[in-house]
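Just so it is clear, the values below take in all heavy atoms, side chains as well, and ignore hydrogens, waters and symmetry mates.
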Amino acid sequence: SVLLICFKKMKMALIGIGLTCGILYTACYSYFYLQAVKEYDGAEQTVTITATDYSRQTDYGISCEGTITFSGKTYNILFYDYEQITINPGDQITGRFLLRLTAPKGSKESTYQQGKGISFIGYARGEIAITSGNREDIRYFPQHLRKTILSHLEAIFPEDTAGFSKALLLGDTNSLTYAQDVAFQTSGIRHIVAVSGLHVSILFALIYTHTICINHEWRDANCIKPRICRHCNKTEGEPLGHSWSEGSCTEDKICINCGK
């Protein structure tokens with residue numbers, strides 16, 4: 001019983017320490033990291049943004065994620081522009097933006113973007129200049145891979161199901177139609193298009209079986225098809241070709257391999 005009491009006290013102490021550390025971290029983050037840029041909240045500034053993802057089309061133009069630097073500190077920003085332009089990871093975007101801070105007490109308070117690590121929302125005011133950056137930077141490999149997978153999904157699935165496949169496998173709900181989105185929310189299953197361990201395992205299985213097959217299991221070649229792996233559909237060799245029997249006046253030639 002003494003050990004049980006000690007265990008409970010230790011458990012409560014650990015919970016208290018964890019809670020205290022969380023509160024201290026939040027307070028320090030707000031004071032030392034966000035306090036320094038609150039003066040830019042609601043102000044128009046000429047800034048340079050480094051894109052960290054590909055631009056996406058919206059109903060009013062494009063949106064894109066990037067980073068912005070103030071006083072030597074880097075902040076994540078989601079910015080919008082009314083022009084239908086293409087931005088790639090690594091590009092430098094320079095222009096005048098209306099900035100909104102997503103942190104508490106900011107003019108863009110209670111935005112869900114804060115939970116995604118976005119500190120600023122930016123709205124372009126006038127024309128912006130785009131300078132191509134180092135798009136081959138290894139930091140942008142996940143973005144390039146994601147874009148490649150999206151393009152493959154668009155090629156594989158028909159238009160009416162491509163949006164759902166993107167949402168299911170990559171959590172990209174931008175391609176869902178309004179009717180599909182409403183249907184998911186109404187039926188209470190909107191969570192199935194949120195990326196989870198299940199979706200990651202499905203995606204890995206698709207990539208593995210179609211690109212990484214170590215132990216091939218071959219189906220035998222036939223007259224019109226070469227050997228085909230059961231897992232990745234890789235082919236090997238050539239079709240066997242028909243081997244015809246001798247015909248006669250009353251019987252046609254017949255392939256002794258396939259019976260055609």
- Message: With a 6.0 Å cut-off (strictly less than), is the heavy-atom count around CD of E127, excluding the residue itself, greater than 12?
- Response: no

- Message: Nearest 0.5 angstrom please: M12 CE to L14 CG, how far?
- Response: 10.5 Å

- Of all the heavy-atom pairs spanning F120 and I118, show the shortest one and how long it is. O-CG2, 3.1 Å

- Tell me whether V47 is reachable from I130 by hopping between hydrophobic residues (I, L, V, M, F, W, Y) whose side-chain heavy atoms are closer than 4.5 Å. yes

- Q143 and Y54: which non-hydrogen atoms are nearest, and at how many Å? O-CE1, 3.6 Å

- Is it true that a side-chain atom of E65 and a backbone atom of I77 form a donor plus acceptor pair closer than 3.5 Å? no

- Heavy-atom closest pair, residues P239 and C223: CB-O, 3.4 Å

- Short side-chain to backbone donor-acceptor contact, S151 and T148, under 3.5 Å: yes

- Query: How far apart are the closest heavy atoms of P226 and A221, and which atoms are they?
  - Reply: C-CB, 3.7 Å

- Task: Take atom CD of E236 as the centre, draw a 6.0 Å sphere, and report whether it contains more than 12 heavy atoms from other residues, nucleotides or ligands.
- Result: yes

- Indicate yes or no: at least one non-hydrogen side-chain atom of D220 is less than 4.5 angstrom from one of R227. no

- So if you build clusters from Ile, Leu, Val, Met, Phe, Trp, Tyr with side-chain heavy-atom gaps below 4.5 Å, do Y140 and I68 land together? no

- Task: Test T20 against every option in I23, I17, L24 by the side chain to side chain contact (heavy atoms under 4.5 Å, CB included) rule and name the one that passes.
- Result: L24

- Task: Measure from the side-chain N and O atoms of S71 to the backbone N and O of K73, and report whether any donor-acceptor pair falls under 3.5 Å.
- Result: no

- Query: Would D41 and L99 satisfy side chain to side chain contact (heavy atoms under 4.5 Å, CB included), going step by step from the backbone distance to the final call?
  - Reply: CA-CA 6 Å; D41 184 33; L99 301 177; over 6 Å; no

- Task: Flag the pair Y123 / F79 as yes when their ring centroid distance falls below 6.0 Å, and as no otherwise.
- Result: no

Using residues 80-98 as the side-chain source, report each donor-acceptor pair under 3.5 Å to any protein atom, sequence neighbours left out, with the distance given to one decimal.
unit_1	atom_1	unit_2	atom_2	d
D81	OD2	E83	N	2.9
Q84	NE2	G61	O	3.4
D91	OD1	G133	N	3.4
D91	OD1	R135	NE	3.1
D91	OD1	R135	NH2	3.3
D91	OD2	N88	N	3.0
D91	OD2	R135	NH2	3.3
Q92	OE1	T50	OG1	3.3
Q92	NE2	T50	OG1	3.1
T94	OG1	T48	OG1	3.2
R96	NE	E44	OE1	3.4
R96	NH1	T46	OG1	3.1
R96	NH2	E44	O	3.3

- Task: Go through the steps for V37 and Y75 under the test side chain to side chain contact (heavy atoms under 4.5 Å, CB included), then give the verdict.
- Result: CA-CA 10 Å; V37 293; Y75 301 84; 3.5 Å; yes

- When you measure from the side chain of N222 to the backbone N and O of K225, does any donor-acceptor pair fall under 3.5 Å? yes

